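What follows is a short report on a single structure.
Just so it is clear, the model here is predicted, and its values are computed rather than measured.
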Amino acid sequence: MAQAAPAALDFGGTMTARIPNPAIAAGPDVLPALLSVAEAVKKTGLPETTLNLVYLRASQINGSSWNVNKHSSDLKAAGESDERIHTVASWRDTPFFTPEERAALALAEAATLLAGPDPVSDEVWAEAAKYYNDQELAGILLATGFNNLWHRLMPTTRQPAQPVAG
């Protein structure tokens, strides 16, 4: 017996949230707690630009429009060039990133994808460790993990990307 074809998906460009932002809908204690984690990650010594590049790349991998928009806007507001913002997804093939940033992006990608028997290879780890101390490496991993939490919340509840306040 043949299976029924899946229902067509509407990619009309509009998305309606299933519930309000889960960090708000869960109760008054959740969003402040999450924001305090974000502030703590900023204090790990990782350069803010690198932190935002890591956030943007993990957001792209996870297909979270809300987060891609937010972190692209954060980078733009911090004075980053359009070339760097627009090519984060293809950082390996562009001349716009430093060796340190490339190492952080590789580690963030590996920690986001976590597939296979050795998802974060010794080579990826060693390259990042050439440029970052233990606290900064922890910052990359905490930023990646924390950002990936948001990627589970926002797309699942269909939170649309928000216009950036000018």
Side-chain angles (χ1 to χ4, degrees), residues 9 11 15 21-23 30-162 164:
L9 297 175
F11 294 107
M15 186 166 47
N21 180 328
V30 176
L31 185 59
L34 292 175
L35 294 175
S36 71
V37 171
E39 286 303 312
V41 169
K42 287 181 182 178
K43 296 176 183 175
T44 62
L46 192 64
E48 188 170 356
T49 296
T50 303
L51 179 63
N52 283 318
L53 291 170
V54 163
Y55 282 150
L56 177 56
R57 184 64 190 122
S59 300
Q60 292 169 333
I61 291 168
N62 285 306
S64 178
S65 65
W66 191 95
N67 294 89
V68 167
N69 186 57
K70 180 196 184 316
H71 299 301
S72 296
S73 298
D74 290 347
L75 284 162
K76 186 70 173 173
E80 287 299 321
S81 70
D82 288 340
E83 290 87 4
R84 283 171 52 88
I85 295 168
H86 296 307
T87 60
V88 169
S90 58
W91 60 268
R92 286 178 178 84
D93 303 321
T94 66
F96 307 126
F97 302 96
T98 68
E100 294 87 349
E101 291 167 339
R102 290 173 185 280
L105 288 166
L107 181 56
E109 282 186 2
T112 295
L113 295 169
L114 290 178
D118 186 18
V120 180
S121 71
D122 289 340
E123 292 80 15
V124 167
W125 185 263
E127 185 67 15
K130 281 180 14 185
Y131 301 107
Y132 299 102
N133 64 34
D134 287 354
Q135 186 174 4
E136 293 163 334
L137 287 167
I140 294 169
L141 297 176
L142 289 167
T144 302
F146 177 67
N147 203 32
N148 283 316
L149 166 66
W150 284 105
H151 301 151
R152 301 316 176 256
L153 301 176
M154 304 311 265
T156 301
T157 60
R158 294 186 178 161
Q159 301 299 310
Q162 300 295 311
V164 178

Flag side-chain contact, heavy atom, 4.5 Å: Q60 against L56: yes
Assess the residue pair W150 and N62 against the criterion (side chain to side chain contact (heavy atoms under 4.5 Å, CB included)); give the C-alpha distance rounded to whole Å, side-chain angles, the decisive distance to 0.1 Å, and a yes or no. CA-CA 10 Å; W150 284 105; N62 285 306; over 6 Å; no
How far does CZ of R84 sit from OG1 of T94, to the nearest 0.5 angstrom? 9.0 Å
If you measure from CZ on R92 to CD on E109, what distance do you get to the nearest 0.5 Å? 4.0 Å
Check: S65 and Q159 side chains under 4.5 Å, non-hydrogen atoms: no
4.5 Å side-chain heavy-atom contact, L149 and V37: no
Above 12 or not: heavy atoms from other molecules or residues under 6.0 Å from CZ of R152? yes
Any side-chain heavy-atom pair of L107 and L141 under 4.5 Å: yes
Mark yes or no for whether S36, through its side chain, and A33, through its backbone, hold a donor-acceptor pair below 3.5 Å. yes
D134 atom CG: more than 12 heavy-atom contacts under 6.0 Å: no
L53 side chain reached by W91 side chain, heavy atoms, under 4.5 Å: no
A103 to A128 - nearest heavy-atom pair and separation: CB-CA, 3.7 Å
Here the gap from Q135 atom CD to N133 atom CG, rounded to the nearest 0.5 Å, amounts to 6.0 Å
Roughly how far apart are L51 CG and L46 CG, rounded to 0.5 Å? 5.5 Å
Using the test side-chain contact (heavy atoms from CB on, under 4.5 Å), find all partners of A110 that sit at least two apart in sequence or belong to another chain. V120, V124
To the nearest 0.5 Å, atom OH of Y132 lies from atom OG1 of T44 at 10.5 Å
Check the pair T87 / S90 against side chain to side chain contact (heavy atoms under 4.5 Å, CB included), numbers first and verdict last. CA-CA 5 Å; T87 60; S90 58; 4.0 Å; yes
Is E39 close to L35 at the side-chain level, that is, under 4.5 Å between some pair of heavy atoms? no
Does some side-chain heavy atom of I140 sit less than 4.5 Å from a side-chain heavy atom of E136? no
To check you understand the geometry: which heavy-atom pair defines the closest contact between F97 and R102, and what is its length? O-NE, 3.2 Å
Begin from the C-alpha positions of T50 and E100 and carry the test side chain to side chain contact (heavy atoms under 4.5 Å, CB included) through to its verdict. CA-CA 8 Å; T50 303; E100 294 87 349; 6.0 Å; no
Short question: side chain of Y55, backbone of N67 - any donor-acceptor pair under 3.5 Å? no
With rounding to the nearest 0.5 Å, note down the distance linking CZ in F96 to CD in E80. 12.0 Å
Identify, with sequence neighbours excluded, every residue that meets side-chain contact (heavy atoms from CB on, under 4.5 Å) alongside A58. T112, N147, N148, H151
Check: E101 and V54 side chains under 4.5 Å, non-hydrogen atoms: no
